[in-house]
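Basis for what follows: all heavy atoms, side chains included, without hydrogens, waters or symmetry-related copies. Here the structure is a predicted model, which means the values were calculated and not measured.
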Amino acid sequence: MVDWLALQKPKLRLCAAVLGLSSAGCGLISSDVEDIPLMIQPKMFSVDTASWNVSSTAADPYLSYDCSSTPSYCATAVSNACATGCSGSCDATSQTCDLGLDVRVFQSIDLLTEQPELKTLNSAPIIHVTIDSVMYTVGDNSLDVDTPLLTVYVAPISVMDPNDPSAQAIGTIAPVPAMMTVPATGMQFTADGKSDLVAIMGSYMTPFNVIVGGQVVVKNGEPVPSGKLDAAVQITAHASP
């Protein structure tokens, strides 16, 4: 469990624990009577190999298939090895099929519902948000393979796929070694990531999704991954009308 450090400054504090593991929130204290302490209950995201429903029996012949003469086979036959969230391609080096296992997890964030204190802002449609930090933590990890580089996106509430054109990449989470946990670490922002996050949080009346995406690639001769990784992402910011 993660004991998140709460910032305490004489400003309006907006602490959004997005996709978090901990059941604790962010303690907020202010000496300014106009400040509004805000707290969103943490939410979690997981990379769970069970969600792919990969058949090891079917995956082995798929991964060893010689695709040199029929490269398209890997894409069309991938459903034989994996039930959902998968893609296939012909490896240019080995000339056998690669199995891509997609990471696509999201959480919906509704600041106005989760933070009713925002209703005291006289219905101002936009608030000024300053991002203090975006931290991620891996608290439990039985995943027996390294994760790929994971990308964090923000998107309209109707978008749940990281590949959707409306999803905006705001940062990345470095690959996590198999079976390893990670203490609270700062997310690496993309060039426009902080401003994109500010914009979507500033329109606090409109719910949005935070999506984590990536792909685990299994090659011929490698075992099918097993296990589960539980992680947390925490956004800490301050805001004013």
Side-chain angles (χ1 to χ4, degrees), residues 16-21 40 42-55 59 62 72 74-90 97-114 131 134 136 138 143 145-176 187-219 224-225 227-235:
V18 181
L19 311 175
L21 286 172
I40 294 177
K43 301 176 178 76
M44 78 153 79
F45 79 86
S46 299
V47 178
D48 189 350
T49 58
S51 66
W52 294 311
N53 195 20
V54 178
S55 167
Y62 171 81
S72 61
C74 300
T76 57
V78 67
S79 59
N80 295 333
C82 177
T84 183
C86 309
S87 60
S89 60
C90 185
C97 291
D98 288 345
L99 176 62
L101 306 174
D102 297 331
V103 177
R104 298 179 183 179
V105 291
F106 73 96
Q107 292 285 350
S108 298
I109 305 299
D110 186 341
L111 293 177
L112 194 60
T113 297
E114 297 192 41
I131 305 300
V134 178
Y136 68 90
V138 177
L143 196 63
V145 296
D146 298 351
T147 70
L149 182 75
L150 296 173
T151 303
V152 181
Y153 302 81
V154 290
I157 194 69
S158 61
V159 175
M160 294 155 280
D161 185 346
N163 297 316
D164 190 287
S166 298
Q168 298 172 304
I170 63 168
T172 57
I173 295 174
V176 178
M187 183 190 74
Q188 181 66 48
F189 279 100
T190 61
D192 298 322
K194 190 170 287 189
S195 60
D196 288 339
L197 180 58
V198 163
I200 203 163
M201 291 180 67
S203 299
Y204 67 98
M205 294 183 180
T206 304
F208 63 96
N209 284 337
V210 174
I211 308 169
V212 177
Q215 188 179 72
V216 177
V217 178
V218 184
K219 296 180 177 294
V224 173
K228 179 183 178 184
L229 177 148
D230 292 323
V233 174
Q234 182 180 15
I235 301 171

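Contact annotation: the side chain of S108 never approaches that of P207 to less than 4.5 Å [non-hydrogen atoms, C-beta and beyond]. Two residues are said to be in side-chain contact when any heavy atoms from C-beta on lie closer than 4.5 Å; L197 and I235 meet this criterion. At least one side-chain heavy atom of V218 sits less than 4.5 Å from a side-chain heavy atom of P225. Counting only heavy atoms from C-beta outward, the side chains of L143 and T49 approach each other to under 4.5 Å. Contact annotation: the side chain of I173 never approaches that of L149 to less than 4.5 Å [non-hydrogen atoms, C-beta and beyond]. V198 is listed as a side-chain neighbour of I131, based on a closest heavy-atom distance under 4.5 Å. Between V78 and Y62 there is a side-chain heavy-atom pair separated by less than 4.5 Å. Side-chain contact between M201 and V154: absent, with no pair of heavy atoms (C-beta onward) separated by less than 4.5 Å.
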- Could you go through the side-chain contact (heavy atoms from CB on, under 4.5 Å) check for L229 and T147 one step at a time? CA-CA 9 Å; L229 177 148; T147 70; 3.7 Å; yes
- Mind running side-chain contact (heavy atoms from CB on, under 4.5 Å) on L99 and C82 for me, showing each step along the way? CA-CA 9 Å; L99 176 62; C82 177; 4.3 Å; yes
- Task: Run the numbers on D230 and V138 for side-chain contact (heavy atoms from CB on, under 4.5 Å), then give the verdict.
- Result: CA-CA 6 Å; D230 292 323; V138 177; over 6 Å; no
- Message: Please determine whether side-chain contact (heavy atoms from CB on, under 4.5 Å) holds for the pair V212 and T151, giving the CA-CA distance in whole Å, both sets of side-chain angles, and the decisive distance to 0.1 Å.
- Response: CA-CA 6 Å; V212 177; T151 303; over 6 Å; no
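Between P162 and G213, the shortest heavy-atom distance links the atoms CG-CA, 4.1 Å. The two atoms that bring V134 and F189 nearest to each other are CG2-CZ, 3.5 Å, heavy atoms only. Taking both residues in full, the closest heavy atoms of S46 and K228 are given as OG-CE, 3.5 Å, listed atom of the first, atom of the second, then distance. In this structure, Q107 and M44 approach most closely via the heavy-atom pair NE2-O, 2.7 Å. Counting all heavy atoms, side chain and backbone alike, Q215 lies closest to S87 at NE2-OG, 3.0 Å. Here the closest non-hydrogen pair linking P156 and N209 is O-ND2, 3.7 Å.
Using modelled atom types, one side-chain atom of S51 and one backbone atom of D48 make a donor-acceptor pair closer than 3.5 Å. Of the possible donor and acceptor atoms, none in the side chain of S203 sits under 3.5 Å from a partner among the backbone N and O of I200. In this structure, the side chain of D102 does not engage the main chain of R104 through any donor-acceptor pair within 3.5 Å.
As summarised for C97 and C74, their two SG atoms come within a distance smaller than 2.5 angstrom, satisfying the threshold.
Atoms CD1 and OG, from I157 and S166 in turn, are 13.0 Å apart once rounded to the nearest 0.5 Å. Note that the OH atom of Y136 and the CZ atom of F45 stand 9.5 Å from one another [nearest 0.5 Å]. From I211, atom CD1 reaches atom CZ of F106 across 8.0 Å, with rounding to the nearest 0.5 Å.
No side-chain donor from either of Q168 and T190 sits under 3.5 Å from a side-chain acceptor of the other.
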